[in-house]
Protein chains: 2
Amino acid sequence: METLLAKYGRITPLRPEEETSFRGLAMTRRECPTGTLLVAGDFDEPDQLFVVESGRLFASSELSNGERAITRLYFAGDIVGTANIPFEIATQSITVHRDAVIYLFPRQRLIDAFRYTPRVAAIFYTFAALENAILNDRLVSIGRTRGKARLAGLILEIAARLNLTRPQFEREFVLGLTQSQIGDAIGLTEVQVNRLIRSFYEERLVRRSGETIKILDLQRLREMSHFHDRYDDLDLNWFKDDFQAN
Amino acid sequence: METLLAKYGRITPLRPEEETSFRGLAMTRRECPTGTLLVAGDFDEPDQLFVVESGRLFASSELSNGERAITRLYFAGDIVGTANIPFEIATQSITVHRDAVIYLFPRQRLIDAFRYTPRVAAIFYTFAALENAILNDRLVSIGRTRGKARLAGLILEIAARLNLTRPQFEREFVLGLTQSQIGDAIGLTEVQVNRLIRSFYEERLVRRSGETIKILDLQRLREMSHFHDRYDDLDLNWFKDDFQAN
DNA sequence: CGTTCCTTTGAAACCAATCAATAATGGTGG
DNA sequence: CCACCATTATTGATTGGTTTCAAAGGAACG
């Protein structure tokens, strides 16, 4: 829970009783190896959320023709599975794609949060709204830009998310996605992704050594991609002073 | 407010005091002609939500190169602007594209809902989660299907949303978007949209007379598009019995 | 009745998908 | 430790969906 609290605390410090409530919500800790399918879309009942302590997950949907789309990447501090909550059957799959530690968060506990700790509930709402804004950005990127811009945006998104829990911005990091997964995330085939990555190397935008890649030209990646870091833009002052303690 | 209450009531009936709370939240009624820009993305402060009583709005984002993407269409009963709430500056624009009656919903009132009527707050959260699921679907559609499937999906989406507040499914309705707007919504140019629409006429999938179009082959549109009506799938039983009255 | 916005059409260029095959990589059991 | 297998990365040739550019025809509105 530390990562989550650190993240939320950075934005709007929790009161002691809220922090207690928060810790009480996520009960079961679980270590999940790469490849674990936490929720099978169109099949499982979505009876819980997941809080990411460490590692990485992604949400994806499958079409009947076998095509897959990765709609969102999740990192330490994220709450995963919001889009499944109000349905009988999960609308999307949740997969661990880098060894992760997560906390299970039963749907019923969410109700407790709404009843007893409204400020915590407001934070949940806020992060659902944040997720909304990020999905909007992804729609704009995929719907209105070409492959190069999308790939640049994905690289910056991953860099931004990893750096959220680091003391200073680090240009070197593990991408952690196969080219096929990258394709699913930005709406291209793996073949095209490979060609684009290759062109990024040639243009000296990024460099690769083993699993890690290093951003060489941050400026130009930003210009290419139109990427916004919504986590950075977050502003929770609007409900900071308005709640009385319970 | 009637449309909103009808919609929410259909899913999970509100108690009298909750209904009162709900009505108290949205204060100002406003009639907005087609073309009204309610929120200017990257400019306005998002100090309110909008509840749609009648008419249609859309959310859009602009890229620095002038391209526009329409990320979501809104109809009677929808709550609009969730993705802007937790930011200092709005992340997306909100535009009226068919004469609308809306209720203004100050952000501060949302806090009251969380504090005093947790069940109402839970409904807000639920609908943010629903919005999430719908945006996911749009991402899959735009990222992993071709123009024909996307157009078919958009037609079915509009039909489904209009039919939500009608007694029975009606195959004839007003599309209400220019071909350029359709392009912004499904990630194509207006030129390509025109060609696709034309091919739909030739294949007798839909027919047009003036402003209204009629679905001729619902079955095939469904097969083409992979469209899910998430409003139909909604299930709020998970918190139906768990709240005590305030 | 002209202006403006929207629709429609054609031709050429381009980005990305598809098809097909080979090379690299990583993990496994013998 | 090495041969083997499965997955991932890479490359070429071809096809096709979509954009771009350009222009003309319709429809709506003051």
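Each of A:Arg208 and B:Gln192 was assigned the nucleotide of DNA chain D with the nearest heavy atom; the assignment lying further toward the 5' end belongs to A:Arg208.
Side-chain contact between A:Thr212 and A:Phe173 is absent, with no heavy atoms from C-beta onward closer than 4.5 Å. At least one side-chain heavy atom of B:Leu177 sits under 4.5 Å from a side-chain heavy atom of B:Leu154. At least one side-chain heavy atom of B:Ile182 sits less than 4.5 Å from a side-chain heavy atom of B:Ile197.
With salt bridges taken as basic N to acidic carboxylate O contacts below 4.0 Å, none links A:Arg161 and A:Asp229. Salt bridge B:Arg144/A:Glu62: absent, no basic N to carboxylate O contact under 4.0 Å. Salt-bridge formation is not detected for the pair B:Arg29/B:Glu53: no Lys NZ or Arg NE/NH1/NH2 atom is positioned less than 4.0 Å from an Asp or Glu carboxylate oxygen. Salt-bridge check for A:Glu172 with A:Arg208: failed, with every basic side-chain N at 4.0 Å or more from each acidic carboxylate O. Note on B:Asp137 versus B:Arg230: salt bridge recorded, some NZ/NE/NH1/NH2 to OD/OE distance being below 4.0 Å.
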* Taking it one step at a time, do B:Gln179 and B:Asn194 satisfy side chain to side chain donor-acceptor pair (under 3.5 Å)? -> CA-CA 7 Å; B:Gln179 294 181 359; B:Asn194 182 274; 2.8 Å; yes
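Regarding B:Glu211, its CD atom lies at a distance of 14 Å from the C1' atom of C:dT7, rounded to whole Å. In this structure, A:Arg195 atom CZ and C:dA17 atom P are separated by 10 Å, rounded to whole Å. With rounding to whole Å, B:Leu177 atom CG is found 18 Å from C:dC5 atom P. If you take CD of A:Glu190 and C1' of C:dA17, they are 12 Å apart, rounded to a whole angstrom. For A:Gln179 and C:dA17, the CD to P distance is 14 Å, given to the nearest whole Å. Going from atom CG of A:Asn194 over to atom C1' of C:dA20 covers 15 Å, rounded to whole Å.
Taking every heavy atom of residues 139-146 of chain B and every atom of DNA chain C, pairs under 4.0 Å involve B:Arg146, by number.
Taking a heavy-atom distance under 4.0 Å as the criterion, the stretch of DNA chain D touched by chain A extends 5' to 3' from D:dT8 to D:dT20.
Residue A:Gly183 is out of contact with every strand shown, counting any heavy-atom pair closer than 4.0 Å. B:Leu188 comes within 4.0 angstrom of sugar-phosphate atoms only, judged by non-hydrogen atoms across all strands, and of no base.
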